[in-house]
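Quantities reported herein were computed from a predicted structural model and do not represent experimental measurements.
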Amino acid sequence: MKKMSYDRIGNTHIRENGKKRSIFDKVNEIKRDLKAILPEVEGDKLIAMLSKIRTYLAHKKKGVPIGRHGWKGYRDLTFNEKVLYEHLLKQGLCPSTTYRWFIATRIPSDVRDKLEKGQLSMKKAFQISANRRRVKESNTGLMMIEELRTIVRGL
């Protein structure tokens with residue numbers, strides 16, 4: 001099964017009160033609001049919590065699946081996840097959309113700088129980001145295979 005890449009989100013602006021706004025600005029605003037409510041949660045942990053909330057909603061609020069496809073059962077949202085979910089609803093934000101925004105804004109800082117200066121298009125920035133991640137994963141896989149070969153030769 002192939003994962004969906006949120007690097008391919010083409011729309012980098014959202015409409016708010018009838019005006020276009022950058023998703024980077026919106027994500028930063030959401031992070032600031034959440035910092036006041038949940039100061040211990042940041043970065044990838046926040047993205048993981050948004051993913052759990054999204055899964056919770058996808059399973060019609062039965063719970064978050066334990067194991068693959070819920071074959072081990074379901075668990076309820078944790079306290080922090082519930083607080084985050086209620087805050088998003090109070091702000092009028094869809095948890096799934098918010099999750100996609102957070103994923104889409106995970107691009108390297110040097111690419112983001114060029115993007116802000118107008119030297120790159122958003123599409124090109126996402127392509128560079130996805131390519132870097134793919135190369136990194138590929139290199140890690142090759143190193144693991146080489147290590148395994150070395151171990152097997154030593155037996």
Side-chain angles (χ1 to χ4, degrees), residues 1-113 115-116 122-123 125-145 147-148:
M1 179 203 253
K2 190 174 181 179
K3 282 185 174 181
M4 180 178 168
S5 173
Y6 288 106
D7 289 330
R8 296 197 193 128
I9 295 175
N11 194 2
T12 60
H13 290 84
I14 58 170
R15 286 214 175 263
E16 195 172 60
N17 300 326
K19 295 182 180 179
K20 281 189 176 182
R21 184 169 178 202
S22 169
I23 61 171
F24 293 104
D25 295 339
K26 186 65 176 177
V27 166
N28 287 334
E29 178 187 316
I30 294 169
K31 283 181 181 179
R32 274 194 312 273
D33 291 347
L34 292 176
K35 196 71 163 164
I37 298 168
L38 298 167
E40 68 277 2
V41 179
E42 35 180 83
D44 288 340
K45 191 172 181 185
L46 184 58
I47 292 174
M49 287 173 62
L50 287 167
S51 174
K52 297 282 192 267
I53 293 169
R54 184 174 186 219
T55 305
Y56 172 77
L57 294 173
H59 288 279
K60 297 182 180 31
K61 299 184 181 180
K62 274 195 293 192
V64 178
I66 301 171
R68 194 167 203 111
H69 305 293
W71 63 273
K72 289 185 178 179
Y74 296 88
R75 71 163 176 84
D76 202 18
L77 293 176
T78 63
F79 176 75
N80 284 346
E81 291 167 350
K82 284 180 186 176
V83 169
L84 176 58
Y85 177 53
E86 290 170 6
H87 176 73
L88 291 174
L89 292 180
K90 199 183 314 176
Q91 297 296 318
L93 296 169
C94 174
S96 292
T97 304
T98 307
Y99 170 71
R100 286 196 337 248
W101 290 342
F102 272 73
I103 292 294
T105 57
R106 286 192 315 178
I107 59 176
S109 59
D110 62 323
V111 176
R112 184 179 292 189
D113 291 340
L115 187 64
E116 288 173 356
M122 184 59 86
K123 185 176 180 179
F126 287 150
Q127 286 175 347
I128 291 170
S129 176
N131 192 26
R132 283 187 187 176
R133 192 167 31 261
R134 200 171 18 260
V135 167
K136 182 179 174 186
E137 290 169 0
S138 176
N139 288 342
T140 304
L142 289 173
M143 288 173 53
M144 287 174 55
I145 289 171
E147 282 291 318
L148 287 171

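- How far NZ of K35 is from CG of N28: 12.5 Å, rounded to the nearest 0.5 Å.
- Checked against side-chain contact (heavy atoms from CB on, under 4.5 Å), I47 has the following partners two or more places apart in sequence or in another chain: D44, Y99, F102, I103, R106.
- Remark: I107 CD1 to R133 CZ distance equals 10.5 Å, nearest 0.5 Å.
- By the side-chain hydrogen bond (donor to acceptor under 3.5 Å, both in side chains) test, T78 is found to be paired with E81, residues two or more places apart in sequence or in another chain being considered.
- Distance check: T97 OG1 to R54 CZ gives 8.5 Å after rounding to the nearest 0.5 Å.
- We find the CE-CG distance between M49 and L88 to be 9.5 Å, quoted to the nearest 0.5 Å.
- With a 4.5 Å cut-off on side-chain heavy atoms, L84 and L77 do not count as touching.
- Considering only heavy atoms from C-beta on, W101 stays 4.5 Å or farther from L50 through its side chain.
- Atom-to-atom distance recorded for T98:OG1 and I30:CD1 is 5.0 Å, nearest 0.5 angstrom.
- Note that the OG atom of S129 and the CZ atom of R134 stand 10.0 Å from one another [nearest 0.5 Å].
- Taking 4.0 Å as the cut-off between side-chain N and carboxylate O, K26 and E29 count as a salt-bridged pair.
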Review point. When you look at L38 and H87, which way does the side chain to side chain contact (heavy atoms under 4.5 Å, CB included) test go after all the steps?
Key: CA-CA 10 Å; L38 298 167; H87 176 73; over 6 Å; no
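- Electrostatic pairing of D110 and R132 counts as a salt bridge here, judged by a charged N lying under 4.0 Å from a carboxylate O.
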